There are 2 protein chains.
Amino acid sequence: MKTTKKYGKKTDLALNLWVKLSRAFAVINKKATEDIAKYGLTEPQFCVLECLGHLGQLSIGELTRKQLVSAGNMTVVVNNLEKEGLVERSREPGNRRVVKVQLTAKGSKKFDEIFLNHAKYITHLISVLTEKEQSDLAKLLKKLGLIVQQLNHNTK
Amino acid sequence: MKTTKKYGKKTDLALNLWVKLSRAFAVINKKATEDIAKYGLTEPQFCVLECLGHLGQLSIGELTRKQLVSAGNMTVVVNNLEKEGLVERSREPGNRRVVKVQLTAKGSKKFDEIFLNHAKYITHLISVLTEKEQSDLAKLLKKLGLIVQQLNHNTK
DNA sequence: TAATAATAATTGAAGTTTATACTATTCAAA
DNA sequence: TTTGAATAGTATAAACTTCAATTATTATTA
């Protein structure tokens with residue numbers, strides 16, 4: 001195990017955490033994406049189905065905010081889901097700028113078929129940690145994510 | 001705070017961790033990518049420069065394994081860095097299938113200019129956690145990443 | 001009310017990403 | 001030693017991703 005201090009203790013500690021966080025995410029995300037691919041979906045497509053399946057009708061803007069993604073990107077992903085007949089668009093009556101997206105019957109069926117299986121698969125992966133480790137880890141990650149998100153964009 | 005048990009305790013615990021992990025990664029990665037963009041680089045381009053800057057000459061294959069990325073992808077990223085004159089390719093004399101990639105003088109200069117500043121920025125973000133929290137978190141993430149990576153691909 | 005600004009989504013260009021297929025080189029074995 | 005398998009990297013197609021520019025709609029304000 002490398003313990004060399006290269007940039008000072010504080011920096012090394014933080015960089016090490018960032019490396020471990022990136023790595024853990026990448027490893028699990030890769031397997032999760034492979035699992036989703038078995039159902040004929042890409043990972044971002046699955047995320048949209050999951051959002052709509054759990055929360056119902058959402059606008060493009062709401063989807064982008066939930067997934068930290070650009071609007072242009074969401075338009076493309078929704079286009080591809082629409083081609084497959086899994087979701088459909090409709091204009092909001094009160095504000096015609098807004099496009100609402102919702103599952104079709106086919107999309108709803110697909111969501112039901114996939115979600116539980118995928119959840120079991122993720123649970124299987126994560127269960128390499130004890131329940132206490134899982135809740136400790138989740139607590140720390142929640143704190144990290146929330147505070148960093150609130151940091152001022154322009155603070156360097 | 002939602003505490004509804006929807007899919008059973010074990011599954012809810014694991015899914016919650018996966019959500020928090022994805023979120024924390026996404027939030028920090030977004031800011032890190034924005035920081036890197038200030039230097040005229042994309043995030044994967046920066047990763048390649050960082051690897052080469054710290055480890056010296058590496059093959060395409062070594063780079064893909066370090067970054068959990070496909071070889072086709074690495075070819076493209078290295079192509080783009082080569083266009084900018086930041087890296088250069090050379091064939092390995094002993095095994096002419098292997099392409100070694102290394103920083104040019106320009107790339108090395110860029111690496112020196114960028115890395116410390118970016119490291120300071122990441123440290124600034126991560127420092128919303130105490131040092132103890134950082135080391136606890138890093139330890140758990142390391143365990144999670146390592147064990148999941150070793151899981152058999154075909155185990156479902 | 002008419003001009004201007006703000007908001008929501010889309011489009012287009014450039015880059016990233018994967019999977020698959022392909023080329024070149026090396027290794028293994030009949 | 002020649003055939004066949006394995007390895008390293010590249011080319012291609014389809015999808016994702018961002019940013020910047022554009023269109024349509026709504027809100028503001030002079």
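Just so it is clear, the structure is predicted and the values come from calculations on it, not from any experiment. Letters A, B, ... mirror the listed sequences (proteins, then strands); counts begin at 1.
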Here the pair of heavy atoms bringing A/H118 nearest to A/A32 is CE1-O, 3.6 Å
*According to the interplanar angle, ranging from 0 to 90°, do the rings of A/F115 and A/F46 count as parallel (below 30°), tilted (30 to 60°) or perpendicular (above 60°)?*
parallel
5'-most to 3'-most nt of DNA chain C touching chain B (<4.0 Å, heavy-atom partner on protein side) reads C/dG15 to C/dT26
- Task: Return yes if a side-chain donor-acceptor contact under 3.5 Å exists between B/K83 and B/N79, otherwise no.
- Result: no
**Report entry** Pair B/E92 + B/R96: basic N to acidic O under 4.0 Å
**Finding:** no
B/F111 and B/L49 have their tightest heavy-atom pair at CD1-O, 3.7 Å
Under a 3.5 Å limit on both distances, the Watson-Crick or wobble mate of C/dA3 is D/dT28
From CG of B/L58 across to C1' of D/dA8 the rounded distance in Å is 15 Å
**Asked** Any salt bridge between A/K100 and A/E62, counting N to O under 4.0 Å?
**Response** yes
So, with a heavy-atom separation below 4.0 Å from DNA chain D, the residues of residues 78-90 of chain A are A/N80
In numerical order, the residues of residues 44-51 of chain A whose heavy atoms come under 4.0 Å of DNA chain C are none
note: B/R91, atom CZ; D/dT7, atom C1'; distance rounded to Å ~ 12 Å
Scanning both residues in full, the closest heavy-atom pair of A/G145 with B/V27 reads O-CG1, 3.9 Å
Between CD1 of A/I36 and C1' of D/dA15 the distance, given in whole Å, is 14 Å
Residues B/K106, B/E84: salt bridge by 4.0 Å N-O rule | no
Give the table of side-chain donor-acceptor pairs shorter than 3.5 Å for residues 68-78 of chain A, with sequence neighbours excluded, one pair per line with atom names and distance.
| unit_1 | atom_1 | unit_2 | atom_2 | d |
| --- | --- | --- | --- | --- |
| A/S70 | OG | A/N73 | N | 3.2 |
| A/T75 | OG1 | A/A71 | O | 3.2 |

Under a 3.5 Å distance rule, please check whether A/T11 uses its side chain to pair with a backbone N or O of A/G8 as donor and acceptor. no
* Given the rule that I, L, V, M, F, W and Y join up when any side-chain heavy atoms are under 4.5 Å apart, are A/L103 and A/V98 in one cluster? -> no
Item to check | A/T42 vs D/dC16: side-chain N/O to OP1/OP2 distance below 4.0 Å | outcome: yes
Original post:
In terms of side-chain geometry, is the basic nitrogen of A/K31 or A/D35 positioned less than 4.0 Å from the acidic oxygen of its partner?
Top reply: no
inquiry  = Which label fits B/F25 and A/F25: parallel for a plane angle under 30°, tilted from 30 to 60°, or perpendicular past 60°?
reply    = parallel
Closest heavy-atom pair, A/I36 versus A/T42, reported as atoms and distance to 0.1 Å, is CG2-O, 3.7 Å
What residues 59-68 of chain A contributes to the DNA chain C interface at heavy-atom separation below 4.0 Å is A/S59, A/I60, A/G61
The residue, A/A71 or B/G72, whose nearest nucleotide of DNA chain D is more 5′ is B/G72
- Same apolar cluster (I L V M F W Y, side chains within < 4.5 Å links), A/W18/B/L146: no
Within residues 95-102 of chain B, the residues having a heavy atom closer than 4.0 Å to DNA chain D are B/R97, B/V98, B/V99
Would a single hydrophobic cluster contain both A/I28 and B/V19, if residues Ile, Leu, Val, Met, Phe, Trp and Tyr are joined by side-chain heavy-atom contacts under 4.5 Å?
no
